[in-house]
Amino acid sequence: MDWLLLWESMPLLLKGAGMTLKLTALAGTFGIILGTFIGIGRIWGNKLLSILLTAYIEILRGTPLYVQLMIVAFGIPQITGINYSEFPAAILTIGVNSSAYVAEIVRAGIQSIDKGQMEAARSLGMSRSMAFRVVILPQAFKRVIPPLVNETISLVKESSLVATISLVELMRTAALISSRTYKPFTAYIGAGLVYLVITLTLSQIAGLLERRLAARD
Amino acid sequence: MIKITGLEKQFGHLKVLKGIDLHVKPGEVVCVIGPSGSGKSTLLRCINRLEEPTKGMIVIDGHPVPPGGIALDQVRTEMGMVFQRFNLFPHMTALQNVAVGPLKVRKMAQADAEKLALQLLEKVGLAEKANAYPNHLSGGQQQRVAIARALAMQPRVMLFDEPTSALDPELVGEVLEVMKQLAQEGMTMVVVTHEMGFAREVGSRVLFMDEGRVIEEGPPAEFFANPREERTRSFLRKVL
């Protein structure tokens, strides 16, 4: 372990971490918005829509993110002749991949609300969509926050895969340091430490949120 | 007021209601009793179409209950429903639970809806719990809030689905007291219940159901003193 190198690499690693965070934030937001619609659509929509969305979810969850990334970053540009840079390719791939997991979280959250809640709301004369908005969603929201934070934490880690499409984020930075210094142990320990700091911070926030949401009921 | 003819309900192969005829007059308190699985709750839930009837007609004030859409929502505002498990909205205070119907469905102004809600909470004896969340209330208190919530829509009929069955025995009385008060004010009520004392004292008519049919009905005094059917007699022997 080269402590001096570890220390000197920190500015570069942190810069890479900035890119990792930017990727996670953008792809995560995209995934949460898209996934929420897909999750609701799966419960709400007609049979055909529900089948299509189920297929979407199963395909994305049933294939590795790495494979998806390769298809988007290299496969599609080659067959269509459309070129785009790595950054939007990464956001799109990670975001879409995450939307499948988010959709399942949202669906489970909504379906975990007792059936009697919908019945009580309907018995007051609320339409299905009003009952959903006023009664079901606010309760489901609380239940999906903790799993959504977990999903975001795993996005931070999975975003390291985009190092393979030459996007210089945290993992790629470590790889560059390693090949320049021939000290992979120090370089990757450094990256690991930075990832750990990010994920631990996020789980702290998750815990705090969970306690505050639980305080009321 | 409510006229049910030839009502049948089937869940898959299971026939839960096998042709029910029932006529509820304004101001009447009809108590429906019978063993578990006799179809009492299903009958009640068919009236406001929380369950879709398989066959038969339900007419409210001369108008058939519409199968769905805005027309059904409209009819439901006229029928308050109280559930066995209260089904209060846990993310709202007692006051918000009662006010939400007038506020969202009737589009009443916030201040008016809250004023109405407070009056109703007072009526069920819970004005001081207005700002409490349901999980800080006892079962009996929750059920009284649920009654206030149903009343907030100013319904013309109240449907009670075993309102005291999920309560600890010492909490049953406070809920029955509120229901009795409602009956005395002339509210039309259909009450599915296991409380024979309530049926006897407050009911204008008692209906005994078994295996999806009405076996016997009559004024409580007569019904409890001289049940005609053997099945009614054997049921009453077990519960009284």
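Each chain gets a letter, A, B and so on, in the order its sequence line appears, and its residues count up from 1.
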- Task: Compare every heavy atom of A/A120 with every heavy atom of B/F89, then report the nearest pair and how far apart it is.
- Result: CE2-CB, 3.9 Å

- Task: Flag the pair B/M92 / A/V134 as yes when at least one side-chain heavy-atom distance between them is below 4.5 Å, and no otherwise.
- Result: yes

- Note on the structure: All heavy atoms of A/S123 vs all of B/N48, minimum pair found to be CB-ND2, 4.1 Å

- Message: Does atom CZ (A/F30) have a neighbourhood of more than 12 heavy atoms from anything else shown, all under 6.0 Å?
- Response: yes

- Query: Near B/R85 CZ, under 6.0 Å, is it more than 12 heavy atoms from other residues, nucleotides or ligands?
  - Reply: no

- Query: In this structure, are over 12 heavy atoms from other groups packed under 6.0 Å from B/K55 atom NZ?
  - Reply: no

- Heavy-atom contact with chain A under 4.5 Å, split by part of B/M79: backbone

- Whatever's closer than 4.5 Å to a heavy atom in chain A on B/L72 counts as neither

- Message: Within the supplied structure, the quantity of interest is the number of heavy atoms (other residues, nucleotides, ligands) at a distance under 6.0 Å from A/W44 CH2; does it exceed 12?
- Response: yes

- Above 12 or not: heavy atoms from other molecules or residues under 6.0 Å from CZ of A/F37? no

- So, for B/M153 and A/L124, which heavy atoms are closest and what is the spacing to 0.1 Å? CE-O, 3.4 Å

- Task: Pick one of side chain, backbone, both or neither for B/F83, based on which atoms fall under 4.5 Å of a heavy atom in chain A.
- Result: side chain

- If you round to the nearest 0.5 Å, how far is CD of A/E119 from CE of B/M81? 7.0 Å

- Message: If we define contacts as heavy-atom pairs under 4.5 Å, which of B/N87, B/L159, B/L88 has the most with chain A?
- Response: B/N87

- Count the heavy atoms of every other residue, nucleotide or ligand shown that sit under 6.0 Å from NZ of B/K104, and state whether that count exceeds 12. no

- Task: Could you look at B/R45 and say if it's the side chain, the backbone, both or neither that has a heavy atom under 4.5 Å from chain A?
- Result: side chain

- Query: At their closest point, which heavy atom of A/Q139 faces which heavy atom of B/P90, and how far apart are they?
  - Reply: OE1-CG, 3.2 Å

- If you count heavy-atom pairs under 4.5 Å between each of A/K115, A/M126, A/R128, A/M118 and chain B, which one has the most? A/M126

- Message: So for A/M130, is it side chain, backbone, both, or neither that comes closer than 4.5 Å to the heavy atoms of chain B?
- Response: side chain

- Item | Candidates B/D73, B/I70, B/V105 - the one meeting side chain to side chain contact (heavy atoms under 4.5 Å, CB included) with A/S127 | B/D73

- Would you indicate whether A/Q204, at its atom CD, is surrounded by more than 12 heavy atoms from other residues, nucleotides or ligands within a distance under 6.0 Å? no

- Task: Might you confirm whether atom OH of A/Y84 has over 12 heavy atoms from other residues, nucleotides or ligands at distances under 6.0 Å?
- Result: yes

